[in-house]
**Q** 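The structure that follows is given in the form of structure tokens.
To find a chain, count down the sequence lines: A is the first, B the second, and so on, and within it residues start at 1. Every value quoted in this text rests on a predicted model; they were computed, and no experiment measured them.
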Amino acid sequence: MSRTTVGVKMAKEYSPVDEVAWQRKWNEAQIFECGIREDRPKFYCLEMYPYPSGKMHMGHVRNYSIGDAVARYKRMMGFDVLYPIGFDSFGMPAENAAMDEGGHPYDITERNMASITQQIKRMGFSYDWKRQLKSHDPRYYKWNQYYFTKFYEQGLAYQEYAPVNWCEQCETVLANEQVKAGRCWRCNGPVVQKEMEQWFLNINKYAQELLDGLDTIAFPENVKSLQRDWLGRSEGAEITFEVEGKDLNIEVFTTRPDTLFGVTFVTLAPEHPMAEQLVKGTEYESAWQDLYDEVSVMAEFDRIRDMKKKKGVPSGCFALHPLTGERIPIWIGNFVIASYGTGAVMAVPGHDERDFDFAKAFDIPIRRVLVMDEGGDADAPLDSAETDHGWMVNSPLEGFDGLYGEEAMKAVTNALEIEGSGKETINWKIRPWLISRQRYWGTPIPMIHCEDCGVVAVPEQDLPVELPTDVAFGQGNPLETSEAFLNVDCPDCGKAARRETDTMDTFVDSSWYFMRFTDALNDEKCFDADVANHFMNVDFYCGGIEHAQMHLIYARFYTKALRDLGLHSIDEPFNELLCQGMVNSPAPWCDSCQLTLSVAHAGSPCPHCGSELSERSAKMSKSLGNTVSPGLMIEQYGADTVRLFILFAANPTAGMDWSDLGIASNHRVMIQMASMPDKLLGWGQSPSPMDTWMLARLKQRCAEFQQAMDVFDLRRAVEISHYDLIKDINWYTRRGGDNAELGVQILKSWTHLVSVSTPHLAEEWWQQIGMDGLVSGSEFEHLPEMTNEEQSALDNDTVLRSVLDSARRIKDVAERHLDGPAQSATIVVSPQWKRTMAVEALDFIEQGGSVKNFVGHLSQMDIAQGERKGEIIGYWGKKMLPQVFKWDDASRALLRSSLDEVTALTNGSDFIAQELGLQSIQVVLGESADDQTGRAGGSMPLAPAIVYA
RNA sequence: GCAGGGGUGGCUGAGGUGGUCAAAGGCGCCGGGCUUAAGAUCCGGUCCCGUAUGGGUUCGUGGGUUCGUAUCCCACCCCCUGCACCA
């Protein structure tokens, strides 16, 4: 396609570059295939690999545009960049689609992958496609199974009969992490508790390391905080209460052993095994049964809401206080959660709100054992639970009263340890990862159930256990419908046995794919340890915040677990994590209902209240209908424009608003950019002093660009490459620059900067300036350090520009004074004594002197002697002092340099006159014989007075 | 309730180790130039006042520290995100 041909459809904009052709060339040249060069550092750039739904959406485009810019930048800086892509292709949507529309999940998945791959490729991302992987490939999931059998050997994987979260709609169990507010994270359906035999991975073994590791990696604070919450470490004590008259012990966990003497009852969760035991056959049994029935059928979410109302039944039994032997009633209460801690609590109503409420409801004594002020009243009644740390009071044993906080807890714990009825312990909120799923489209758990041998792992040589194809969907677990799959001989004894039919949570797949990428074509091993160690860890990981607690915890866990299998030696998988913001788009908004509505309502009154609708930005969603199709945008504007818009519209981590106006404006920039080589190559052969300035500016821009990219400030980088440099070039030509040789030099560097965000256009440029090969495959040639001469060219220009700016600002007002257009102007440079004063003050302050003391110093200086002394000292306080702090480093250097303002401005005076539309400009030194204006008083170093006439 | 992150000019958004901040850039808007014209590019302007480079009022609200604060301290209000009777 020619750059100047308007497309056939006039309504559509045209793309000035044949992007697909360049993509083909990249592919043919294989420049994105990553190898290991001895003398090069590596850089591993990764995006969260996508689930292959049918289409690429804007979230994908944003995610990959960010990652691709980083990958291209690092490549051009000489790194071996590993930048792979694959598909997280196991999962329920494909299986559900198979059930809805017929067909097989395999076909549906492959079909979707083909279509999304094509769309991704059309964007021109620089992936190493050779390394592409897909979770549903047996060559990949074989290793899920291999790891599982190893974990099983080590006891890290185990089977347990336990209450689990069951999603009725999805007909499968869920991990705790997959239950959001009591509902399924996938279908939002209700989740109930069910007792089942299930497979778990004991992530708790790594809880402490997962917590500590957070301090060593560059994750955003909110993600770290999320993970810390999820891990939920709490320090406390486990305490044993004997049950009176029975051979039973109740274990409780508490974070507040210092309140042990305030215990007035002990509470068991209704599901606690001992609860039933204690009430069995007593008058309390039916009350317990009622509570149990009520609570256990309730979805967890409703139950937690219900806990606000304290419900409980007595057990009729008593526990014995571990230190005093006091008889303490045992209750069964709805507010105790069976699965946290030990499922039993020691209740201290005086110093715990829940216990307080419960005690009030059931008329149980409330005892004060802490005071909140040292020496406070130990007998003061408690109107509410006082839960802060305090000083122990009313202790029935010697040696405790008066102890505070940590010390108090320590003392009580010690006493318990001596008695053998308690110990310090750490409790975690995180629970073992339940990985069993009763669904088809996942990795089969490689286990065999034999009547004689029990559970037996499938031997390594028999892996992978492949998914059968002869299954029926829609009636429970499809794997149970395949006889060929189910029936197997026991690997140990050879007798007929039965395969495990659970498959693995798909988060298993995504927990190590980044390691597979390092050595994706290896048929012998999951990956070679040396290769993985070379490329890991991931230097830049980009994806959505929604994976902050599931994927990013599981992946960290797997990395550590695989390390401990000896497969590699990396502790943390991801170094730097960037969570890109949402892509939003306008949708109708009703201000009085505070409601976002579907775009179907645009232009009509609010369907609820009838008032007029305004617009508001909302997350793109099918239900609101405010999605923007990447495919259409690429068709209309080209991939480069879409990328430019996405990178420029907002910082990577911020939410961004889609704007039709915005993308159109970015497209204009692209069209303008496309003409730059012609423009620069078409310059004449006239070197000028401005060439030095332009070259200096180019060096400055390249340095700024690198600084921005190095901290992943993509927005700023794009601004430099696509906006600032154009402005610089305009300024250069405006000041008379016209040197094609310099034009080529600019383009050689600039093309690299441009290639980071708009690579197709960059290739076009590269070709136009006659360079060999592809810019995408070539390294950036660093420019030489800025010379002193170049620096001063920049400085002189800065002075000139600031004079021009202030001259413009006052021109209007001045002309009102003159009663007509100004004809000429005199630029009055500040007299030498002001600059001397400024430099002296800067030195004084930089050497640690206080501003306040400078007056004293000034009065000793030569410039302040004589009859003008008062005036000069006054000038300091009123004018110079505030200004001294306003000069930046460059200006300070300028003040101290040999810069002659009169000469610099005289050289530029024709230009200034022209810009201001004046006939002449005169530059004079203030208070000198040349200065006829008498207006030197308003001048400052670097800021002359301007007098119009 | 707890934790993390925020509140900046018409919108967006940078800065935030106190002075380079009336506050970048983008969008929008206004004016000029160019053009047969439109579009694009280019130039200038865009808090208020002002017979000359200055003054006034601004960075959620109210106080405070300082020669000086969008930037530091205290209190409060509001928004987002996550967790939540976790013992």
**Q** Figure out the NE2/P separation between H667(A) and G39(B), and round it to whole Å.
**A**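 That distance rounds to 18 Å.
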**Q** For M673(A) and A40(B), give me the distance from atom CE to atom P, rounded to whole Å.
**A**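 My rounded result for the distance is 19 Å.
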**Q** Give me the distance, rounded to whole Å, that separates A75(B) from G1(B) when you measure between the P atoms they each carry.
**A**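 Between the two P atoms, the distance is 16 Å.
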**Q** The side chain of I726(A) is closest to which nucleotide in this list: C42(B), C27(B), C83(B)?
**A**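 It is C42(B).
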**Q** Within the structure shown, what part of the strands sits under 4.0 Å from R808(A) by heavy-atom distance: base, sugar-phosphate, or nothing?
**A**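 Answer is sugar-phosphate: R808(A) comes under 4.0 Å of backbone atoms only.
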**Q** Touch check for V884(A), heavy atoms < 4.0 angstrom, all strands: base, sugar-phosphate only, or nothing?
**A**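 Touches nothing.
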**Q** Counting side-chain heavy atoms from C-beta on, which of U53(B), A87(B), U41(B) comes nearest to S234(A)?
**A**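 Of U53(B), A87(B), U41(B), A87(B) is nearest to the side chain of S234(A).
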**Q** Please report the C-alpha distance between F261(A) and H321(A) in whole Å, then the side-chain angles of each, then the deciding distance to 0.1 Å, and finally whether the ring pair (Phe, Tyr, Trp, His ring centres under 6.0 Å) criterion is met.
**A** CA-CA 8 Å; F261(A) 295 119; H321(A) 192 285; 5.8 Å; yes
**Q** Categorize I946(A) for me: base, sugar-phosphate, or nothing, with a 4.0 angstrom heavy-atom threshold over every strand shown.
**A**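 Base contact - I946(A) has a heavy atom under 4.0 Å of at least one base atom.
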**Q** Counting the atoms with a prime plus P, OP1 and OP2 as sugar-phosphate, which does F648(A) contact under 4.0 Å by heavy atoms, base, sugar-phosphate, or nothing?
**A**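 The residue F648(A) makes sugar-phosphate contact but no base contact.
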**Q** From the options C27(B), C83(B), A52(B), select the nucleotide whose nearest atom is closest to the side chain of A814(A).
**A**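 Of the options given, the side chain of A814(A) lies nearest A52(B).
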**Q** Measuring only the P atom in each nucleotide, how far is C78(B) from G62(B)? A whole number of Å is fine.
**A**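 16 Å, rounded to whole Å.
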**Q** Ignoring backbone atoms, establish whether N222(A) has a side-chain N or O less than 4.0 Å from OP1 or OP2 of G5(B).
**A**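 So the side chain of N222(A) is outside the cut-off, no N or O lying under 4.0 Å from OP1 or OP2 of G5(B).
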**Q** OP1 or OP2 of G44(B) sitting under 4.0 Å from any side-chain N/O of R734(A)?
**A**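 Yes, because at least one side-chain N or O of R734(A) sits under 4.0 Å from OP1 or OP2 of G44(B).
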**Q** Categorize I545(A) for me: base, sugar-phosphate, or nothing, with a 4.0 angstrom heavy-atom threshold over every strand shown.
**A**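 Since no nucleic acid heavy atom lies under 4.0 Å of I545(A), the category is nothing.
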**Q** Check whether any side-chain N or O of Q227(A) sits under 4.0 Å from OP1 or OP2 of C83(B), and answer yes or no.
**A**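 False: Q227(A) side-chain N/O out of range (4.0 Å or more) of C83(B) OP1/OP2.
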**Q** Using the P atom as the point on both nucleotides, what is the distance between U66(B) and G54(B), in whole Å?
**A**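 Each nucleotide's P atom is 28 Å from the other's.
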**Q** Side chain of I337(A), heavy atoms from C-beta onward: which of G82(B), U53(B), C86(B) has the nearest atom to it?
**A**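 My answer, after comparing the listed nucleotides, is C86(B).
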**Q** Report the nucleotide, chosen from A87(B), G19(B), G82(B), that has the shortest atom-to-atom distance to any side-chain atom of D229(A).
**A**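 Looking only at side-chain atoms, D229(A) lies closest to G82(B).
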**Q** Which nucleotide in the set G26(B), U41(B), A87(B) lies at the smallest distance from any side-chain heavy atom of D352(A)?
**A**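 Of G26(B), U41(B), A87(B), A87(B) is nearest to the side chain of D352(A).
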**Q** Give a yes/no on whether any side-chain N or O of K727(A) is located under 4.0 angstrom from OP1 or OP2 of G26(B).
**A**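 Looking at the OP1 and OP2 atoms of G26(B), one of them is under 4.0 Å from a side-chain N or O of K727(A).
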**Q** If you pin I810(A) and D805(A) to their nearest nucleotides in RNA chain B, which one's is more 5'?
**A**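 Result of the comparison: D805(A).
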**Q** With a 4.0 Å cut-off on N to O distance, would you call D215(A) and R228(A) a salt bridge?
**A**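 So D215(A) pairs with R228(A) through a salt bridge.
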**Q** Quick one: L881(A) CG to U20(B) C1', roughly how many Å, whole number?
**A**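 About 15 Å, once rounded to whole Å.
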**Q** Give me the distance, rounded to whole Å, that separates C79(B) from G45(B) when you measure between the P atoms they each carry.
**A**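 These two P atoms come out 40 Å apart once rounded.
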**Q** Report the residues that fulfil salt bridge (Lys or Arg N to Asp or Glu O under 4.0 Å) with E546(A), sequence neighbours left out, ordered by chain and then residue number.
**A**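 In terms of salt bridge (Lys or Arg N to Asp or Glu O under 4.0 Å), with neighbours along the sequence ignored, E546(A) is linked to no residue.
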**Q** Using the P atom as the point on both nucleotides, what is the distance between G16(B) and C21(B), in whole Å?
**A**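 These two P atoms come out 13 Å apart once rounded.
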**Q** Given the P atoms of C48(B) and C43(B), what is the spacing between them in whole Å?
**A**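 Per the computed distance, 24 Å lies between those P atoms.
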**Q** Which nucleotide, A87(B), G82(B), A52(B), lies nearest any side-chain atom of R935(A)?
**A**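 Among the listed nucleotides, the one closest to the side chain of R935(A) is A52(B).
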**Q** Verify the contact: side-chain N or O of Y723(A) to OP1 or OP2 of G25(B), cut-off strictly under 4.0 Å; return yes or no.
**A**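 No, because none of the side-chain N or O atoms of Y723(A) sits under 4.0 Å from OP1 or OP2 of G25(B).
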**Q** Suppose you measure atom P in G56(B) against the same atom in G68(B); what distance do you get, rounded to whole Å?
**A**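 G56(B) and G68(B) have their P atoms separated by 14 Å.
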**Q** Before accepting this row, confirm whether a basic side-chain N of the pair D724(A)/R716(A) lies closer than 4.0 Å to the acidic partner's carboxylate O.
**A**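 Yes, D724(A) and R716(A) are salt-bridged.
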**Q** Would you indicate what S806(A) reaches in the nucleic acid, counting non-hydrogen atoms under 4.0 angstrom: base, sugar-phosphate, or nothing?
**A**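 Answer is nothing: S806(A) stays at 4.0 Å or more from every strand.
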**Q** Taking R735(A) first and then D797(A), would you say they form a salt bridge - that is, a charged N and a carboxylate O separated by under 4.0 Å?
**A**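 Salt bridge between R735(A) and D797(A), a charged N being under 4.0 Å from a carboxylate O: yes.
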**Q** Mind running side-chain contact (heavy atoms from CB on, under 4.5 Å) on I366(A) and T264(A) for me, showing each step along the way?
**A** CA-CA 7 Å; I366(A) 296 169; T264(A) 53; over 6 Å; no
**Q** Judged by each residue's nearest nucleotide on RNA chain B, which is more toward the 5′ side, A649(A) or M346(A)?
**A**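 That would be A649(A).
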**Q** Say we look at U41(B) and G32(B): how far apart would their C1' atoms be, to the nearest angstrom?
**A**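 Result for the C1' pair: 14 Å, nearest Å.
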**Q** Counting side-chain heavy atoms from C-beta on, which of A52(B), G82(B), A87(B) comes nearest to T254(A)?
**A**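 Side chain of T254(A) sits closest to A87(B).
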**Q** To the nearest 0.5 Å, tell me how far I426(A) CD1 sits from S234(A) OG.
**A**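 Result: 9.0 Å between the selected atoms.
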**Q** Testing the basics here: between W428(A) and L231(A), what is the closest heavy-atom pair and its distance to 0.1 Å?
**A**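 Nearest pair, atom of W428(A) first, then L231(A): CE3-O, 3.4 Å.
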**Q** Answer yes if the side chains of T413(A) and E424(A) hold a donor-acceptor pair under 3.5 Å, and no otherwise.
**A**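 Not at all, the side chains of T413(A) and E424(A) share no donor-acceptor pair under 3.5 Å.
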**Q** Round to a whole Å and report the spacing from CZ of F219(A) to P of G5(B).
**A**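 The answer, rounded to whole Å, is 17 Å.
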**Q** Run through RNA chain B and report every stem of 3 or more consecutive Watson-Crick or G-U pairs, distances under 3.5 Å, ordered by first number.
**A**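 So the stems come out as B:1-7 with B:77-83, B:10-12 with B:25-27, B:28-32 with B:42-46, B:47-49 with B:54-56, B:60-64 with B:72-76.
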**Q** Taking atom types as modelled and ignoring hydrogens, do the side chains of N427(A) and Y340(A) form a donor-acceptor contact shorter than 3.5 angstrom?
**A**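 A pair is found: one side chain offers a donor N or O, the other an acceptor, under 3.5 Å apart.
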**Q** Report yes if a side-chain nitrogen or oxygen of S225(A) is closer than 4.0 Å to either non-bridging phosphate oxygen (OP1 or OP2) of A3(B); otherwise report no.
**A**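 Negative; the distance criterion is not met.
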